[in-house]
Every structure is written in C-alpha cells, then in structure tokens.
Amino acid sequence: MKTIMQTINPESFRDEELEEACRILQKGGLVAFPTETVYGLGGDAMYSEASAKIYAAKGRPSDNPLIVHIADMDALEDIAQSVPEAAVKLADHFWPGPLTMIFPKKEAVPKSTTGGLETVAVRMPSHPVARALIRESGVYIAAPSANTSGRPSPTKAEHVKEDLDGRIDMILDGGAVGIGLESTIVDLSTGVPTILRPGYITGEMLEDVLGEVQVDPAILSQKMNPNIVAKAPGMKYRHYAPKGQMTIIEGDTGKVVDEINRLVKEKTDEGCSVAVIATEETKDAYACANVRSVGSRATEGSIAAGLYDILREMDHIGAEYIYAESFEKDTLGKAIMNRMLKAAAYHVIKV
Ligand code: AMP
Ligand code: MG
C-alpha cells in the first residue's frame with residue numbers, strides 16, 4: 001500500500017484539510033496523526049477490523065489494549081459502562097490533555113480494541129489536529145503509539161514513516177510533538193485510583209484532585225513479568241528499546257562521567273561501536289565519537305521531549321553499546337526514568 005504523506009500546520013489549518021484523513025477513518029483505514037504526547041496510529045475504535053489492522057501494522061501482540069481517543073464528554077456514554085465521580089473530577093482538571101482513564105467497557109466496544117479486556121482506556125487529547133480529526137470524522141479513534149511494537153514511540157512524523165511506511169493509509173505530519181512521552185494511565189475501575197503508567201500528569205497532580213492515589217507495583221519493580229495479563233503497559237513487553245545494549249549509570253555526576261568514559265574506552269578498544277546519551281550540561285565531558293545530548297537538566301520537559309528521538313538515533317548510529325546518564329525520579333523524572341529503564345532492560349550501574 002502507498003502511504004499518503006500530508007503536512008498540516010497545527011497552529012493554523014482548515015478542517016477541510018482533514019477531509020481525506022476523515023474518509024480513510026470512516027472506511028476503516030489507518031491514519032497516523034500528531035497528539036500532544038506522541039504520534040498515534042488511528043483507526044475506528046468501534047470497528048473490530050480497524051483495530052485488527054492497527055495490531056497488524058504495528059506487529060503488536062493482540063493482548064496489549066489500545067487507547068480510545070474522544071473529543072467530548074458525551075462520547076463516554078457510548079464507550080464506558082459507568083463513569084465514577086473521580087473520573088469526572090479528573091476530566092474537569094486534565095481533559096483535554098495527557099491523561100488516560102480506564103473504565104468498564106460498553107458492549108459496543110469490540111474486544112479486539114481492548115485486547116480482550118472488559119475495560120477500556122479512554123483519553124481526550126488536547127492537540128488541535130487530533131481534536132479536529134475526531135470531531136470531523138465522527139469516529140472514536142483507537143490509537144496506540146504509531147511505532148513498530150517494541151521500538152521507541154514516535155515524536156515526529158519521520159519516526160512514523162521510518163516504522164510504518166507502506167503499512168498504513170496516511171501520515172498527517174504536524175511537526176514535532178510537545179510532550180514526547182505517552183499519557184499517564186490511571187485505573188479507576190478498582191477501589192483506590194491506581195497509576196498504571198507514569199506520564200506528564202504526575203501522581204502528585206492526581207492526588208491534589210483525588211486524595212489518595214497508588215502506583216501499580218509492577219511500575220516500581222525492576223523486572224519484566226511475562227505472566228501478567230497486560231494490565232499496565234510494558235509490564236509484559238520490552239518497550240522503547242534501541243537495538244544496541246543500553247546501560248544507565250547512576251550516581252554523582254562527576255563519577256558517572258568517569259565511569260561512562262571508562263566503559264566507552266573498554267568497548268571501543270574491543271572494536272565495538274559505542275554511544276553516550278548525555279545532557280547539555282555534560283556533553284563536552286565525554287571522550288567518545290558519538291555523544292548525543294538528550295536535553296538540559298534545567299528543564300525536565302526538554303529531556304522528555306528529546307528522549308525517543310535520541311533512542312532512535314542510537315539505531316541510526318549503529319551503536320552496539322549505549323551508556324546513558326540517569327535522572328532524578330521526581331515529578332516528570334519518574335516518567336522519564338520509567339521509559340529509560342525499560343529501554344535499558346533494567347541494566348543499571350550504580351557508582
Ligand atoms: P500505547 O498507546 O502504545 O502506549 O498503548 C496503550 C497502552 O494503554 C497499552 O500499553 C495498555 O497497556 C494501556 N491500556 C489500554 N487499555 C487498557 C485497559 N483496558 N486496562 C489497562 N491498560 C490499558
Ligand atoms: Mg506504545
């Protein structure tokens with residue numbers, strides 16, 4: 001199949017520019033589009049053949065559920081069996097925005113969309129193109145990240161093209177996304193609200209609205225568990241991973257730099273291709289041909305926004321060994337380190 005590439009300016013576009021994308025979605029086809037978190041691979045969430053196509057295009061295991069994207073609260077009536085008070089409060093505060101909530105699903109939502117689960121994940125994105133696409137097509141859009149399963153999520157249209165060219169009907173290129181990490185997922189279908197995936201909306205922000213919020217133990221654990229029903233993403237599958245072997249070095253900055261320089265020399269001497277994931281503050285301190293800055297420590301947001309692009313670049317470099325600095329696991333740092341630890345398959349050296 002030939003993938004249509006269409007550029008769209010998120011700051012100023014006319015709804016008519018989305019006509020072809022809408023037609024594709026209405027006919028059960030697939031359109032990749034920008035959201036404020038990462039690019040999504042969209043298909044009609046209420047049409048099981050469309051969600052089956054999403055799994056096929058991504059090579060995604062069929063028990064890893066999709067997120068359904070909506071443009072207004074009324075849509076919940078068609079999708080969710082019930083909407084708890086807590087969800088209404090969270091929606092008031094954080095929708096449209098990078099928060100996904102889990103509800104018991106209505107019969108009409110096909111199980112192929114929910115990975116066989118009786119619950120459904122729903123998000124109302126804030127990105128103007130995503131919102132217009134949902135509204136104009138009249139389709140509730142199932143959209144996981146628009147990458148090949150297991151690769152880093154796409155934060156630019158080029159990343160989507162790299163993975164899915166020829167496998168989907170269209171890519172809407174709205175430039176680089178703002179946040180760069182997937183949405184926070186919170187499960188409200190059981191007692192205490194539980195974070196299944198950390199993201200831009202932090203636990204503290206949720207607690208300010210709801211009171212007690214807990215974090216799924218699997219997020220904190222250092223292992224991937226193959227026996228878990230895919231409740232929280234990445235608990236089961238290796239995610240976000242570059243092809244090379246990535247190691248995170250933790251400790252005081254000076255010691256981290258020394259240890260990374262030592263490892264770089266060791267592997268370079270063995271004839272291996274090596275790369276370093278550094279920051280603006282440290283990038284000049286490394287003796288390595290392939291040093292990349294992921295962002296500035298002064299603004300965590302820049303690190304979140306740059307992370308997946310850098311992980312993909314590691315593959316372009318052809319790095320066999322990747323050494324990365326680590327970040328504080330505070331606020332946004334929690335989400336950043338959650339993704340980095342998975343990319344590194346939990347290889348960590350403490351200095
Ligand atoms: P992605 O958009 O690629 O990050 O994938 C969506 C993620 O949302 C999946 O990895 C799921 O684990 C999570 N998700 C979707 N639906 C559910 C659900 N019903 N219960 C728990 N997690 C879900
Ligand atoms: Mg994904």
Side-chain angles (χ1 to χ4, degrees), residues 30 32-43 45 51 54-55 57-70 76 79-83 87 98-106 109-125 127 130 140-155 159-160 163-164 168 177 179-190 193-201 215-219 224-225 228-241 304 307-308 311-312 335 338-339 342-343:
L30 303 187
F33 61 98
T35 81
E36 69 276 24
T37 57
V38 300
Y39 271 77
L41 176 57
S51 33
I54 293 177
Y55 286 97
K58 281 178 63 85
R60 182 177 177 111
S62 62
D63 62 349
N64 192 358
L66 310 177
I67 294 173
V68 180
H69 293 69
I70 61 173
L76 281 180
I79 296 169
Q81 192 70 253
S82 56
V83 178
L99 179 71
T100 297
M101 295 192 256
I102 311 289
F103 302 101
K105 80 170 189 72
K106 277 250 163 96
V109 182
K111 280 212 178 166
S112 55
T113 297
T114 64
L117 297 174
E118 286 300 339
T119 51
V120 60
V122 184
R123 180 165 103 80
M124 189 190 293
H127 194 288
Y140 302 141
I141 304 181
S145 49
N147 54 294
T148 299
S149 192
R151 296 211 68 208
S153 294
T155 52
H159 298 161
V160 181
D163 283 10
L164 300 177
I168 62 177
V177 301
I179 294 176
L181 297 179
E182 304 83 349
S183 59
T184 304
I185 301 181
V186 55
D187 187 358
L188 300 166
S189 68
T190 56
T194 306
I195 296 176
L196 301 185
R197 175 170 74 188
Y200 186 81
I201 308 286
V215 176
D216 193 286
I219 291 177
M224 284 174 281
N225 187 338
I228 291 172
V229 180
K231 186 171 184 187
M235 279 162 65
K236 181 168 168 178
Y237 303 107
R238 188 168 176 225
H239 253 72
Y240 322 113
L307 181 62
Y308 288 142
L311 290 178
R312 279 178 180 261
N338 169 263
R339 308 313 193 267
K342 275 188 230 161

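Excluded from the calculations below are hydrogen atoms, water molecules and symmetry mates; all remaining heavy atoms, backbone and side chain alike, are included. Each ligand, and each atom within it, is numbered from 1 in the order the structure gives.
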S145 near the Mg ion (ligand 2) via N/O/S, less than 2.8 Å: yes
Contact with ligand 1 for K105, non-hydrogen, under 4.0 angstrom: no
Side-chain heavy atoms of P144 within contact of K58, under 4.5 Å: yes
Identified side chain to side chain contact (heavy atoms under 4.5 Å, CB included) counterpart of S51 within the set T114, V68, V109, L66: L66
Main-chain N/O of N147 paired to S145 side chain as donor or acceptor, under 3.5 Å: no
Derivation and outcome, side-chain contact (heavy atoms from CB on, under 4.5 Å), residues R197 and V215: CA-CA 8 Å; R197 175 170 74 188; V215 176; over 6 Å; no
Mode of L66 contact toward ligand 1 - side chain, backbone, both, neither (heavy atoms, under 4.0 Å): backbone
I102 contact mode with ligand 1 (heavy-atom cut-off under 4.0 Å): side chain
L117 neighbourhood, listing ligand 1 atoms whose heavy-atom distance to it stays under 4.0 Å: 18 (C), 19 (N), 20 (N)
Passing candidate, side chain to side chain contact (heavy atoms under 4.5 Å, CB included) with D163, options T148, I168, L41: T148
Interfacing atoms of ligand 1 (cut-off 4.0 Å, heavy-atom, S145): 1 (P), 2 (O), 3 (O)
Ligand 1 N/O within reach of T119 N/O, cut-off under 3.5 Å: yes
Residue part near ligand 1, for L196, under 4.0 Å between non-hydrogen atoms: side chain
Matching residue for T100 among H69, E182, R123, M124 - test: side chain to side chain contact (heavy atoms under 4.5 Å, CB included): R123
Side-chain heavy-atom pair I195, I185 within 4.5 angstrom cut-off: no
Per-atom contacts of ligand 1 with R197, taking only distances under 4.0 Å to non-hydrogen atoms: 1 (P), 4 (O), 7 (C)
Best match, E182, K58, R60: closest heavy atom to atom 5 (O) of ligand 1: R60
Residue portion contacting ligand 1 (non-hydrogen atoms closer than 4.0 Å) for D187: neither
Side chain proximity check, L76 to I70, heavy atoms < 4.5 angstrom: yes
